[in-house]
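Below, read A as the first sequence line, B as the second, and so on, with proteins coming before strands; counting in each chain starts at 1. Both backbone and side-chain heavy atoms feed into the values below; hydrogens, waters and symmetry mates do not.
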Amino acid sequence: MQQDSQGRQTPGTRRSEPGKTGSRAGGPSSAAGETGTPGGRVSARAQELSLSTQPAGLSLPDDNDQVQARITKLQRYQELGIPAYDGAYAGRDPVARLVEGFEQRQGQTVRVAGRVRALRGHGQLSFADLYDESGKIQLLIGADRVGEAAYALWQMVDLGDIVGAEGVLVKTRRGEISVEVQSFRLLSKAVRPLPDKWAGLRDVESRYRYRYLDLLTNPEVHHLFVLRSRILDAIRQFLSGRGYLEVETPILHPVAGGANARPFVTYHNALDMRLYLRVAPELYLKRLLVGGMEKVFEIGKDFRNEGIDTRHNPEFTALEAYEAYGDARTMMELTEEMVAYVARQVVGREEIVYQGQEIRLTPPWKRITMREALCEYAGLTAEQVEQPEALRAVAAAKGIKPRVNDYGHLLAELFEELVEPNLVQPTFVTEYPVEISPLAKRSEGDPRFTDRFEPYVNGWEIGNGFSELNDPLEQRRRFEQQLAARVEGDEEAHMMDEDFLRALEYGMPPAGGLGIGIDRLVMLLTDSSSIRDVLLFPHMRPKEEKEESDAKE
RNA sequence: GAGCCGGUAGCUCAGUAGGUAGAGCAGCGGACUUUUAAUCCGCGGGUCGAGGGUUCGAUUCCCUCCCGGCUCACCA
């Protein structure tokens, strides 16, 4: 076996807090001398190396017998001067390709690397299942092939260790495609035992907190996040195919705008100023329209300081797209075509099944005004939906207490209560009241409403779009109304944004805008019942407070 | 924020009508050169989520709290 002779133990040397609890006092000099640290290194460097190679006090904060056993093996490697965290392993073959191409490559020397997930020792012969991202291959390690010394080393390999191996591609007597190992290297020693391979990681809390373990032990989870990535890819393909430019705008906002939502507040020390994490990129993207960019989109995180549940995470991914010289209709067409395209690319078809419910995403989607929807799904009459008093009566009868009592809020609240859950098949709801749409252009012919739409699928609002208001004086009046609502206690109402108004005052072309909740779209396309299942690292409360308080700074 | 359910070994789980707990896998020691969740022999391993109360005695009963899941309320 060819083991690299140099103990390249660089990992960990960049740690900002060198050696916790006075481990430097003990002086690891003797051990370091034997780790094969070659002479000729600068002494300061050697000192640093030897410090870093001390297995953190020979124990972990939550130690157990299995961890101890692994750390003992780790020390053994160090005593032998053999790296347990070796460097790059070039020239490897994805294992699935070896399995698929076995006929062509049989008998050839191949290199593989991955995580050991099963071990079957058999005296002087051992088998291991090695997994890389492409799949699994069996390693066959015989003392007679690798030599006694290397075989002894192999017997210190634990489940979860990451190894690289070189050998001949063969089939065993039982017909299992295998690498008959000639040499191997330990690339990363796992000092914690992995979750049981067969049961996987079941505990939901642990799956979210330790997603890496979830990914490792539950292949369907890995697959889901591959799908999520493909969805994002497909969206980008679709939009750039239509001439859109992807841009990035600030997340730190001096004024939080673009959506009715409560922002997170943060603080810039050097500037001594309050900043908000954005609730939407809208107002910056529209500045780009003023600047002459005609089709722009951004995919990024928005942050809303609101509740957490199966459909809401404090940070979530949104797509926003703006098209100059378009309007709400332009964006509705864009939406339905994009969603259908993404479904075809990722799921392979336009019909999806969500939690047992079949949903057909094929355009064109149903279009209905908010008032029509109230008539169709909630049994209101065409007269009722026009009159605030009638709506108030309906709300009272249904036990709905509107937060704001004007016509627009009443209509919208009744819609949300009575209609939303019914909109399972894709539907564009149009003609939103002006009171709740401070950034949208008014409908031609009816100033109570705006040229706005929201796409609904599965009873969820998956997006929001409109003909963008580009009259700066009108926009200023709308902001003033929002400010009034803030004074009335609506914490989600917009703040005045003079900088944005100034941009509009230079002239923004008429435009259509669209926002899509990417996480919900991913939920739909992957049949996931909780937003946490489609976020790699959903927000979690800290599990327990650290004993040593981080009171240092 | 409210209601319901849950937290037991590294993982997956069982259990204790109150007498400080078990299994499978994993681990440790041993045997084994073609296994497939290898097999066989032997052995360790737990502040039963945290704190308090009742009790001679609490993992179990009671209270409070923490974390999570689901449902509801608000939001995308």
Counting only side-chain nitrogens and oxygens, does [X] get under 4.0 Å of the OP1 or OP2 atom of [N]?
X        : N      : value
A:Arg532 : B:rC70 : yes
A:Arg120 : B:rA38 : yes
A:Arg541 : B:rC67 : yes
A:Arg192 : B:rC11 : no

Within the 3.5 Å criterion, strictly below it, is a donor on [X] or [Y] matched to an acceptor on the partner's side chain?
X        : Y        : value
A:Gln66  : A:Asp158 : no
A:Glu454 : A:Tyr432 : yes
A:Ser467 : A:Asp451 : yes
A:Tyr244 : A:Glu323 : yes
A:Thr369 : A:Glu431 : no
A:Gln124 : A:Asp144 : no
A:Arg486 : A:Gln481 : no

Rounded distance (Å) that lies between atom [atom2] of [N] and atom [atom1] of [X]:
X        : N      : atom1 : atom2 : result
A:Tyr151 : B:rU33 : OH    : C1'   : 8 Å
A:Asp63  : B:rU47 : CG    : C1'   : 16 Å
A:Arg452 : B:rA76 : CZ    : C1'   : 11 Å
A:Ile531 : B:rG68 : CD1   : C1'   : 17 Å
A:Glu420 : B:rA76 : CD    : C1'   : 10 Å
A:Arg202 : B:rA26 : CZ    : C1'   : 16 Å
A:Ile308 : B:rC67 : CD1   : C1'   : 13 Å
A:Arg209 : B:rC67 : CZ    : C1'   : 6 Å

So [X], base contact, sugar-phosphate only, or nothing? Heavy-atom distance under 4.0 Å.
X        : result
A:Arg174 : base
A:Leu119 : sugar-phosphate
A:Gly200 : sugar-phosphate
A:Lys73  : sugar-phosphate
A:Thr310 : sugar-phosphate
A:Asn305 : nothing
A:Leu201 : sugar-phosphate

Quote, to the nearest angstrom, the [atom1] distance that separates [N] from [M].
N      : M      : atom1 : value
B:rU39 : B:rG57 : C1'   : 45 Å
B:rA58 : B:rG53 : C1'   : 11 Å
B:rC61 : B:rA23 : P     : 23 Å
B:rA21 : B:rC25 : P     : 23 Å
B:rC48 : B:rG22 : C1'   : 12 Å
B:rU47 : B:rU33 : C1'   : 46 Å
B:rC67 : B:rA50 : P     : 15 Å
B:rC65 : B:rU71 : P     : 24 Å

Heavy atoms from C-beta onward define the side chain here; which of [options] lies closest to that of [X]?
X        : options                : value
A:Asp196 : B:rG10, B:rA76, B:rG27 : B:rG10
A:Arg145 : B:rC11, B:rU34, B:rG10 : B:rU34
A:Glu205 : B:rC11, B:rU34, B:rG68 : B:rG68

### Query
Can you name the one residue among A:Leu410, A:Leu414, A:Ile400 that meets side chain to side chain contact (heavy atoms under 4.5 Å, CB included) with A:Arg392?
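Checked A:Leu410, A:Leu414, A:Ile400 against A:Arg392; only one passes side chain to side chain contact (heavy atoms under 4.5 Å, CB included): A:Leu410.
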With a 3.5 Å cut-off and just heavy-atom distances, do the side chain of [X] and the base of [N] make a donor-acceptor pair?
X        : N      : value
A:Arg117 : B:rU36 : no
A:Asp65  : B:rG44 : yes
A:Gln66  : B:rA26 : yes
A:Gln138 : B:rU35 : yes
A:Asp203 : B:rC11 : no

Any strand: nucleotide that pairs with [N] via Watson-Crick or wobble, under 3.5 Å:
N      : result
B:rC4  : B:rG69
B:rA31 : B:rU39
B:rU64 : B:rA50
B:rG22 : B:rC13

### Query
Which residues within residues 122-129 of chain A lie with some heavy atom under 4.0 Å of an atom in RNA chain B?
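Hits under 4.0 Å, by residue number: A:His122, A:Gly123, A:Gln124, A:Leu125, A:Phe127.
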### Query
Heavy-atom contacts under 4.0 Å between residues 154-165 of chain A and RNA chain B, which residues?
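A:Leu159 - these, ordered by number, are the residues of the stretch whose heavy atoms sit under 4.0 Å from the strand.
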### Query
Is the distance between the ring centroids of A:Tyr456 and A:Phe415 under 6.0 Å?
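So the answer is yes for these two rings.
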### Task
Would you please indicate yes or no on a ring centroid separation below 6.0 angstrom for A:Tyr354 and A:Trp460?
yes
### Query
Which atoms form the tightest heavy-atom contact between A:Ala128 and A:Val116, and what is the distance?
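Reported closest heavy-atom pair: CB-CG1, 4.3 Å.
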### Task
Kindly confirm or rule out a cation-pi arrangement of A:Arg211 over A:Phe537, judged by NZ or CZ under 6.0 Å from the six-membered ring centre and within 45° of its axis?
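Output no; distance or angle outside limits.
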### Task
Hey, which sits more toward the 5' end of RNA chain B by its nearest nucleotide, A:Ala143 or A:Lys197?
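The residue mapped nearer the 5' terminus is A:Lys197.
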### Query
Mapping A:Ala118 and A:Glu306 onto RNA chain B by nearest heavy atom, which one lands closer to the 5' end?
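Residue closer to the 5' terminus by nearest nucleotide: A:Ala118.
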#### Entry: A:Phe225 side chain near A:Leu536 side chain, heavy-atom distance below 4.5 Å
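Touching, per the 4.5 Å side-chain cut-off.
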### Task
Anything under 30° is parallel, anything over 60° is perpendicular, the rest tilted; go ahead and classify A:His494 against A:Phe479.
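A:His494 vs A:Phe479 ring planes: tilted.
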### B:rA76 pyrimidine/purine six-ring stacking with A:Phe316, under 5.5 Å and 30°
yes
